[in-house]
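What follows is a set of notes on a single structure, which appears directly below.
Whatever order the structure lists ligands and atoms in, that order sets their numbers, starting from 1.
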Amino acid sequence: MAMAPREDVLIIGGGIGGLTLALMLHQRGIPCRVFEAAPELKPLGVGINLLPHAMKELAALGLEPQLARLGVLTAEAAFFNRFGQLIYKEPLGRAAGYDWPQISIHRADLHRTLWEAAAAALGGERLHLGWQCLGAEAGGTARFRRSDIGETLPPQRGRAVIGADGIHSTLRKQLYPDEGEPIYSGVNMWRGVTRWEPILGGATMIRCGWFTHAKIVIYPIQNHIDAAGRQLVNWVVEIETPKYERWNWARPGRLEDFIGPMQDWHFDWLDVPEFLRRAEVALEYPMVDKDPLPRWSFGRLTLLGDAAHPMYPRGSNGAGQAIVDARALADCLAAAGEPEAALAAYEAQRLEATAKVVRTNRTTPPDWILGEVHKRTGDKPFVSIDDVISRQELVAITDAYKRVAGYDREKLGR
Ligand SMILES: Cc1cc2nc3c(=O)[nH]c(=O)nc-3n(C[C@H](O)[C@H](O)[C@H](O)COP(=O)(O)OP(=O)(O)OC[C@H]3O[C@@H](n4cnc5c(N)ncnc54)[C@H](O)[C@@H]3O)c2cc1C
């Protein structure tokens, strides 16, 4: 390829946000190209959640049936203390009255679905693999090299350049060279998948324990993976510790580094140590984020998704906020004649909204319920949860988060 036509929007990064944006721009008749650094598509990552606000947007792209087939329609959230006692349960997705489901899915299945849909809609020649962006100018020009052999590729000039290049974003580093590395939360994570029989009915997202000892999040991401009707079940162990390795989505994790605090978690709903011992993949990743930025848009250049607002996964909102960003940006580009005005309007809609999610994920996301109960019980088993925390308080915690993250049922509408 020589130069992309000037009217093309250049999307840097073919991850979840970049591909969603490509599909949305195409739907609005705006030509675009995606430049992805990875030389080939690999099935990377483990589980990811698509909450109703994200599914509303993906359904508008016609992707709901396929995602529902590949993933699991999660119908319930359940919170337990580290003694396996139930604190709170609430319905999710359609079971909670939304017009869209919550889908828990392998990131590789979501990514492949978006990539194939974008290739079919835009034409595969508009999705460029192995193009690593080195930087971009506010005038709309981006520079590249081949990610495998380092050879310089021709610069591309487009209507706008969108940095959807994830938590390690080159474009964010260019705009904020002094920002430094992502900020460690003090909690390290180990993520993986285990083939297991359905737990609590097979459609429940479980959160159990608290960071100071150990917390585990468990949810299924594939149904009927064998004749015994087992599921592929995603898990994330989160433990407070000053020790962590640099973030890398593919770093292998070692069972002995995290199973210790859960050795005696033999609950009637799950034998946690046995479940973890039978894991087929374990990855280690520190819980990190970055402080919200004062500005994303500079002329014809802006940021989107993790490049703009990396956040803790405590609210299951990383993918969702990237998808909502894509919708806002596609609408702004369709509405405004000048790309500069569109990018400024997009920033005005999304910067503060996502900054609130970043901040709330640090303080009071849904799992704050577990922290409150841990504090009020002095990390001891309770006799009755009603003596510890009222149902109204529990509902108020999760409802407040839904409003911040943009999936309050009344507001989300149809
Ligand atoms: C390999 C991988 C595995 C992941 N696994 C999980 C997981 O298991 N669970 C989970 O919740 N989240 C995971 N994530 C993160 C999750 O996808 C994002 O938090 C979220 O979906 C927001 O999407 P995004 O498009 O902003 O970023 P991402 O989905 O991270 O996409 C960013 C894309 O930009 C590309 N890129 C980076 N730098 C350049 C460059 N200079 N030039 C061109 N392209 C570039 C990357 O290769 C990547 O494809 C993973 C991300 C990656 C890249």
For atom 21 (O) of ligand 1, find the nearest protein heavy atom and state the residue, atom name and distance (0.1 Å precision). Ile16 CG1, 3.3 Å
Below the 3.5 angstrom mark, is there an N/O of Val46, backbone or side chain, next to an N/O of ligand 1? yes
Looking only at distance, does Gly17 have an N or O less than 3.5 Å from an N or O of ligand 1? yes
For the pair Arg33 and Asp8, find out whether any cationic side-chain nitrogen is under 4.0 Å from an anionic carboxylate oxygen. yes
Please confirm whether Ala38 comes within less than 3.5 Å of ligand 1 when only nitrogen or oxygen atoms on both sides are compared. no
Report yes if the side chains of Ile16 and Arg107 come closer than 4.5 Å at any heavy-atom pair, otherwise no. yes
Consider ligand 1: state whether an atom of it lies below 4.0 angstrom from any non-hydrogen atom of His168. no
Taking the non-hydrogen atoms of Lys42, is any one of them nearer than 4.0 angstrom to ligand 1? no
Short N/O distance, under 3.5 Å, between His111 and ligand 1? no
Using heavy atoms and a threshold below 4.0 Å, how should the contact between Ala164 and ligand 1 be classified: side chain, backbone, both, or neither? backbone
Gly47 near ligand 1 by a heavy-atom separation under 4.0 Å: yes
Under a heavy-atom criterion of less than 4.0 Å, does Phe144 contact ligand 1? no
Polar proximity ligand 1 side, Ile48 side, N/O cut 3.5 Å exclusive: no
Tell me which part of Thr170 gets within contact of ligand 1: side chain, backbone, both or neither, using heavy atoms under 4.0 Å. side chain
Would Arg295 count as a cation-pi partner of Phe298, with NZ or CZ less than 6.0 Å from the six-membered ring centre and within 45° of the ring normal? yes
